[in-house]
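For the numbers below, each heavy atom of this structure counts, side chains included, while hydrogens, waters and symmetry mates do not. Read the numbers this way: they start at 1 and go in the same order the structure lists the ligands and their atoms. No experiment lies behind these values; they were computed from the predicted model shown.
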Amino acid sequence: MDTPKSLRDLSAADDYDPNSMPVETARSHIRSFLEPVTAVERLNIRAALGRVLAHEVISPVNVPQHDNSAMDGYAVRFDDLKQDGEATLKVIGTAFAGKPFAGNVGPGQAVRIMTGAVIPQGSDTVIQQERAKTSGAKVAVAPVTKKGTNTRNAGEDLRQGEPALKRGQPLRPAEIGLLASLGIGEISVYRKLRVAFFSTGDELVPLGSPLGAGQIYDSNRYTIYGMLTRLGCDVLDMGVIRDDPEAVQRAFDEAAQSADVLITSGGVSVGEADYVKQILDRVGEVLFWKIAMKPGRPLAYGRIGRAHFFGLPGNPVAVMVTFYQFVRDALLYLQGQVTVAPLPSLKVTCTSAIKKAPGRTEFQRGILTRATDGQWTVRATGDQGSGILSSMSQADCFIVLPTEAGNLPAGAVVEVQLLEGLI
Ligand code: AMP
Ligand code: MG
């Protein structure tokens with residue numbers, strides 16, 4: 001499919017069916033409208049943790065700079081070793097990490113060497129100290145079969161002039177350390193995404209107020225806050241907006257001016273969607289989809305001004321499931337990540353029987369356990385209703401059941417997506 005220029009082009013396409021859209025199709029439609037941020041800022045590498053690298057990093061040096069020892073022991077000439085017994089060599093000095101031995105190792109000679117010390121000139125192999133016996137200025141060393149044993153080569157980690165990190169790489173502890181190993185203390189990263197969010201619903205009560213009849217506390221703004229913060233976004237919490245067209249319109253206008261992305265919860269299900277649609281048709285372009293998934297059937301995606309808009313369902317579990325299946329991926333891409341890794345997934349045996357009707361992809365909440373034989377198994381958390389937020393708190397994975405799957409007996413192999421570090 002060619003990238004549609006506007007959302008209207010997409011809705012006119014032959015294969016476009018907003019009423020039963022597979023998860024993958026919705027994800028790729030969304031992706032086709034996303035343009036990553038381009039503005040960059042220069043940061044100290046520690047402050048850059050969790051950000052996305054804005055340019056390729058070419059290694060300015062070899063890491064390590066010199067051939068060096070991987071062990072405490074003796075630096076020797078391989079040719080001096082006796083393959084059928086010990087060779088006795090004269091110890092002519094010591095090489096410390098950061099304090100090289102200045103001389104040359106000649107035939108019949110050895111240098112005491114510490115891990116990380118530069119391999120002295122003339123030597124090529126290190127015999128670990130457990131395989132060496134000293135007596136006075138002499139050392140008897142056992143043989144090794146390969147020249148270069150227990151040495152590390154200059155440039156074996158990173159080679160001068162070669163790419164060390166790619167543009168679009170998220171900076172994790174390993175990358176921060178790698179930059180430090182190159183002597184790089186400052187780096188350019190893409191600016192943070194500014195993400196606004198609000199809840200809709202007359203039944204919602206802010207924390208601190210007592211609940212009246214039929215009222216509930218607004219929990220979605222807290223899960224959304226948490227998920228966005230974990231993704232390293234700048235968040236703008238716009239509160240609860242009443243189910244009132246003027247208030248909703250004002251909130252959309254404000255978000256369009258101040259944010260890269262707007263996320264709302266509630267108000268996109270049948271019955272409410274029409275009025276949100278009317279408002280949005282005035283301020284932007286929006287598509288309303290019924291995704292073939294459970295939970296999380298209704299979803300809206302669109303543009304208001306330059307901001308991307310995600311209208312998530314109202315049910316608390318549906319909010320989290322649709323965020324992880326659509327919004328997470330989109331935000332990582334918008335942040336500048338060139339290759340967005342999907343949530344890690346694996347196949348495990350499900351120890352509980354699963355109830356499911358064919359027709360939709362289901363994201364049931366699961367708990368992983370390591371069995372005594374070392375294999376991982378999963379079981380469903382229990383009640384899978386889309387309002388049971390405690391199921392997300394108990395879960396450490398989604399059990400992903402494909403569209404065509406029906407009921408499964410205990411013992412079936414299922415795919416799970418890991419939530420560790422995300423929820
Ligand atoms: P809606 O999509 O607006 O029809 O909402 C679907 C369900 O989710 C209803 O039971 C709402 O009360 C509930 N809901 C909507 N927004 C929130 C929220 N912010 N926090 C908790 N529950 C919500
Ligand atoms: Mg509502």
By salt bridge (charged side-chain N to carboxylate O under 4.0 Å, His left out), which residues pair with D67, not counting sequence neighbours?
-> none
Geometric cation-pi criterion R303 and F33, 6.0 Å radius, 45° cone = no
What is the minimum heavy-atom distance between S59 and R159, and which atoms define it?
-> CB-O, 3.3 Å
R360: salt bridge (charged side-chain N to carboxylate O under 4.0 Å, His left out) partners, not counting sequence neighbours | none
Applying salt bridge (charged side-chain N to carboxylate O under 4.0 Å, His left out) to E285 and not counting sequence neighbours gives R8
Expected output: side-chain R242 to main-chain G201 donor-acceptor under 3.5 Å = yes
Measuring from each atom of ligand 1, which residues have a heavy atom under 4.0 Å away?
-> S199, T200, E203, L204, I216, Y217, D218, S219, N220, S265, G266, G267, S269, E272, G314, N315, P316
